[in-house]
Novice: 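Provided herewith is a single structure, encoded as structure tokens, for subsequent inquiry.
Counting begins at 1 with the first residue of the sequence.
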Amino acid sequence: MNRTTLTPSQIEFIQFGNLIVDFELKELEVVSIYSLGQMHNKIVRLTDNFWGKTKVGLFFIDQINDNNQLSFSNMEDWRSVSLTSISFSLITPNEWGGQSTDTYSSLFDIREIALMKL
């Protein structure tokens, strides 16, 4: 699946929007692929486990179990997935008017993640 870019309206929402949490996953809850799939290609607030930094951006699942041809149109397909590997990205606006991408290779990289209500 090709990574996407932030739209102007997503950038405006991230920088100036009323950021209200729709639902949140913490600690071991993060390993729920079903719930993470609901956040795919949507605006989230993510706190990483390494630095404890919190960022708001577009969450994108790059691959699961070495498969990058992912479809989240039927979330029921993801209820019983046995996870062996995952990579995901968080695309955030930067101060120069562009965007930055942080890439992660483990769910243990996430301390908390929350889907933001638009």
Novice: Does Asn65 form a side chain to side chain contact (heavy atoms under 4.5 Å, CB included) with Leu83? I'd like the steps, not just the answer.
Specialist: CA-CA 6 Å; Asn65 299 339; Leu83 185 69; 3.8 Å; yes
Novice: Over all heavy atoms of both residues, which pair between Asn67 and Gln69 is shortest? Give the atoms and the distance, please.
Specialist: OD1-N, 2.8 Å
Novice: Can you find a pair of side-chain heavy atoms, one from Phe60 and one from Thr101, that are under 4.5 Å apart?
Specialist: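 No, every pair of side-chain atoms sits at 4.5 Å or beyond.
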Novice: Donor-acceptor pair, distance only, cut-off 3.5 Å: does the side chain of Asp102 make one with the backbone of Leu90?
Specialist: no
Novice: Is there side-chain contact between Val21 and Met116, with heavy atoms separated by less than 4.5 Å?
Specialist: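 With C-beta onward as the side chain, the pair touches.
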Novice: Can you find a heavy atom in the side chain of Asp109 that is under 4.5 Å from one in the side chain of Ser106?
Specialist: yes
Novice: In sequence, state the C-alpha distance, the side-chain angles, and the governing distance for Leu46 and Tyr104, and then conclude on side chain to side chain contact (heavy atoms under 4.5 Å, CB included).
Specialist: CA-CA 12 Å; Leu46 184 144; Tyr104 303 89; 3.8 Å; yes
Novice: Do the side chains of Leu107 and Leu36 get nearer than 4.5 Å, heavy atoms only?
Specialist: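 Yes, their side chains come closer than 4.5 Å.
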Novice: With no hydrogens and no angle check, is any side-chain donor or acceptor of Gln99 less than 3.5 Å from a backbone partner on Leu6?
Specialist: yes
Novice: Less than 6.0 angstrom separating the ring centers of His40 and Phe59, yes or no?
Specialist: no
Novice: I'd like to know if the side chain of Gln10 reaches the main chain of Thr7, judged simply by a donor and an acceptor atom lying under 3.5 Å from each other, with no hydrogens or angles considered.
Specialist: yes
Novice: Going through the distances and angles, do Thr5 and Ile91 end up as a side chain to side chain contact (heavy atoms under 4.5 Å, CB included)?
Specialist: CA-CA 7 Å; Thr5 59; Ile91 304 166; 6.0 Å; no
Novice: Is there side-chain contact between Phe88 and Ile110, with heavy atoms separated by less than 4.5 Å?
Specialist: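 The answer is yes; the side chains approach within 4.5 Å.
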Novice: How long is the straight-line distance from NZ of Lys117 back to CG of Asp22, given to the nearest 0.5 Å?
Specialist: 5.0 Å
Novice: Between the main-chain N or O of Asp62 and the side-chain N or O of Asn68, is there a donor-acceptor pair closer than 3.5 Å?
Specialist: no
Novice: Can you find a heavy atom in the side chain of Asn41 that is under 4.5 Å from one in the side chain of Leu58?
Specialist: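 The answer is yes, as the side chains (C-beta and beyond) meet within the 4.5 Å cut-off.
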Novice: At their closest point, which heavy atom of Gln15 faces which heavy atom of Pro93, and how far apart are they?
Specialist: NE2-CB, 3.8 Å
Novice: Thr92 versus Ile14: any side-chain heavy-atom pair under 4.5 Å?
Specialist: no
Novice: To check you understand the geometry: which heavy-atom pair defines the closest contact between Gln38 and Leu115, and what is its length?
Specialist: O-CD2, 4.4 Å
Novice: Tell me the closest heavy-atom pair linking Asp66 and Ser85, and the distance in Å.
Specialist: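 Smallest heavy-atom distance, with atoms named: N-OG, 3.4 Å.
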